[in-house]
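Below is one structure, written out as structure tokens, with a few remarks after it.
Atoms considered below: every heavy atom in the structure, side chains included; atoms not considered: hydrogens, waters and symmetry mates. Each residue takes its place number in the sequence, starting with 1. Note that the structure is a prediction, hence the values are computed from the model and not measured.
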Amino acid sequence: MSIDRQELLAHFDALLQPARFKDYGPNGLQVEGKARIERVVSGVTASRALIDAAIAARADALFVHHGLFWRGQDGRIVGWMKERLQRLLAHDINLFAYHLPLDAHPELGNNAQLGLRLGWRTEAHFGDQDLGCVGVAAYADAAALSSHLQQVLARQVLLVAPSGLRPVRRIAWCTGGAQGFFEAAIAAGADAFVTGEISEPQVHLARETGVAFIAAGHHATERYGAPAVASHVAERLGLAHEFIDIANPA
């Protein structure tokens, strides 16, 4: 079965509601390919490796969290940008990208899907555009939480925790590069905050406030939303779908 490109775009937009968000780049169709779509490949970032994998999988459309175009970037089509675009255009592949809307979807988004895998249920939201999630947890301490994350994500995480044992009963999280949400997480009453990345100031805040900070990887925390959304839409529309995970240590 195949559907029209615009029909697929309409389904993605209806589900993710990009107009609700003030974002860092365009959400929706970023590169136009063939008019009829039968096979969708999803992934985290529209890297050359993912595009090449989508070509090998005979994809008509690529659905990602991190697209090609961002506010304030150099607009010239040279170097790595030329290489990526050239491949998409040569193989007539549509590129759909959704950034903050994909983080925020209450069931299929990155935050919701990460929470689902870790057994966390969202009870409230915090931070810019209510992107962060807060829920009840039951960990003996931050080290136990860190161990749980490492087991589920199958990777090492970075833990900055206060000295001494302190139970984690309230947890806050926001996938990707949300280290700037740490102060809001502290204000929301969290015992620990989980995100993808860490910057220098968060180390001091964790030590001074007693709230643990865990950086679990930008890619690792954001590899669940894209396949969840693409699979959901593809199943409804009778399309083939495949998730391709390009390894990334960041």
Side-chain angles (χ1 to χ4, degrees), residues 1-13 15-16 18 21 23-103 108-110 113 175-177 196-197 217-235 237-250:
M1 179 177 177
S2 68
I3 66 166
D4 182 77
R5 177 202 314 117
Q6 291 305 122
E7 183 180 357
L8 180 57
L9 175 61
H11 275 81
F12 284 141
D13 280 350
L15 182 67
L16 297 174
F21 298 89
D23 215 334
Y24 307 100
N27 289 298
L29 182 64
Q30 288 196 348
V31 179
E32 184 177 292
K34 60 189 65 174
R36 303 294 299 180
I37 295 170
E38 296 182 7
R39 185 172 182 81
V40 179
V41 163
S42 64
V44 178
T45 299
S47 64
R48 192 170 73 183
L50 179 60
I51 293 168
D52 285 343
I55 292 168
R58 304 187 312 279
D60 305 308
L62 184 56
F63 179 89
V64 300
H65 180 47
H66 302 134
L68 291 182
F69 306 106
W70 301 96
R71 186 175 64 212
Q73 76 181 51
D74 188 333
R76 292 174 294 178
I77 309 302
V78 298
W80 61 267
M81 178 64 84
K82 178 214 168 185
E83 293 294 329
R84 296 183 190 182
L85 275 174
Q86 187 176 53
R87 284 163 164 77
L88 289 171
L89 295 171
H91 293 271
D92 218 12
I93 297 175
N94 295 278
L95 175 64
F96 297 90
Y98 291 84
H99 187 231
L100 297 184
L102 185 57
D103 288 321
L108 303 173
N110 285 320
Q113 288 291 307
T175 64
E197 301 181 10
H218 195 132
H219 176 87
T221 58
E222 293 196 329
R223 64 184 177 212
Y224 304 116
V229 168
S231 177
H232 173 83
V233 172
E235 184 176 353
L237 298 176
L239 304 175
H241 166 253
E242 178 184 359
F243 172 58
I244 298 178
D245 190 18
I246 303 298
N248 188 332

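Annotation: the span from Leu29 atom CG to Gln6 atom CD amounts to 7.0 Å, rounded to 0.5 Å. In this structure, NE2 on His65 lies 9.5 Å from CG on Asn27, to the nearest 0.5 angstrom. Note that the CD1 atom of Ile55 and the CG atom of Asp92 stand 11.5 Å from one another [nearest 0.5 Å]. How far CE of Met81 is from CG of Asp74: 9.0 Å, rounded to the nearest 0.5 Å.
Asn94 contributes a side-chain N or O that, together with a main-chain N or O of Lys34, makes up a donor-acceptor pair within less than 3.5 Å. Here the side chain of Arg36 pairs a donor or acceptor atom with the backbone of Ser2 at under 3.5 angstrom. Between the side chain of Arg84 and the backbone N or O of Ala46 there is at least one donor-acceptor pair closer than 3.5 Å. Within the 3.5 Å criterion, the main-chain N or O of Thr221 finds no donor-acceptor partner in the side chain of Asn110.
Side-chain contact between Gln86 and Ile77 is absent, with no heavy-atom pair separated by less than 4.5 Å. Counting heavy atoms from C-beta on, the side chains of Leu237 and Glu7 come closer than 4.5 Å. Side-chain atoms of Glu38 and Met1, non-hydrogen and from C-beta on, never get closer than 4.5 Å to each other. The shortest side-chain heavy-atom distance between Arg71 and Asp23 does not fall under the 4.5 Å cut-off. Looking at heavy atoms from C-beta onward, Arg5 lies in side-chain contact with Phe96 at the 4.5 angstrom threshold. Side-chain contact check for Leu95 versus Val64: some heavy-atom pair is nearer than 4.5 Å. When side chains are defined from C-beta on, Tyr224 does not count as touching Thr175, because their heavy atoms never get closer than 4.5 Å. His99 places a side-chain heavy atom less than 4.5 Å from the side chain of Trp70.
In terms of heavy atoms, Ser42 sits closest to Leu50 at O-CD1, 4.4 Å. Between Gly67 and Ala97, the closest heavy-atom pair is CA-CB, 3.6 Å. The minimum heavy-atom distance between Ala226 and Gly43, with the atom names listed, is CB-O, 3.4 Å. Residues Leu239 and Ile37 approach most closely at CD2-O, 3.3 Å, considering heavy atoms. Across all non-hydrogen atoms, the minimal contact from Ala228 to Gln113 is CB-CD, 3.8 Å. Between Glu222 and Val44, the shortest heavy-atom contact is O-CG2, 3.7 Å.
Using bins of under 30°, 30° to 60° and over 60° for the plane-to-plane angle, the ring pair His66/His218 lands in the perpendicular bin.
Residues that satisfy the ring-ring contact (aromatic ring centres under 6.0 Å, His included) test with Phe63, not counting sequence neighbours, are Phe12, Tyr98.
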Donor-acceptor pairs under 3.5 angstrom involving side-chain atoms of residues 242-250: please list them, not counting sequence neighbours.
residue: Glu242; atom: OE1; partner: Arg39; partner atom: NH2; Å: 2.9
residue: Asp245; atom: OD1; partner: His219; partner atom: NE2; Å: 2.8
residue: Asn248; atom: OD1; partner: Ala250; partner atom: N; Å: 2.9

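When the shell of 6.0 Å around CZ of Arg58 is examined, it contains 12 or fewer heavy atoms from other residues, nucleotides or ligands.
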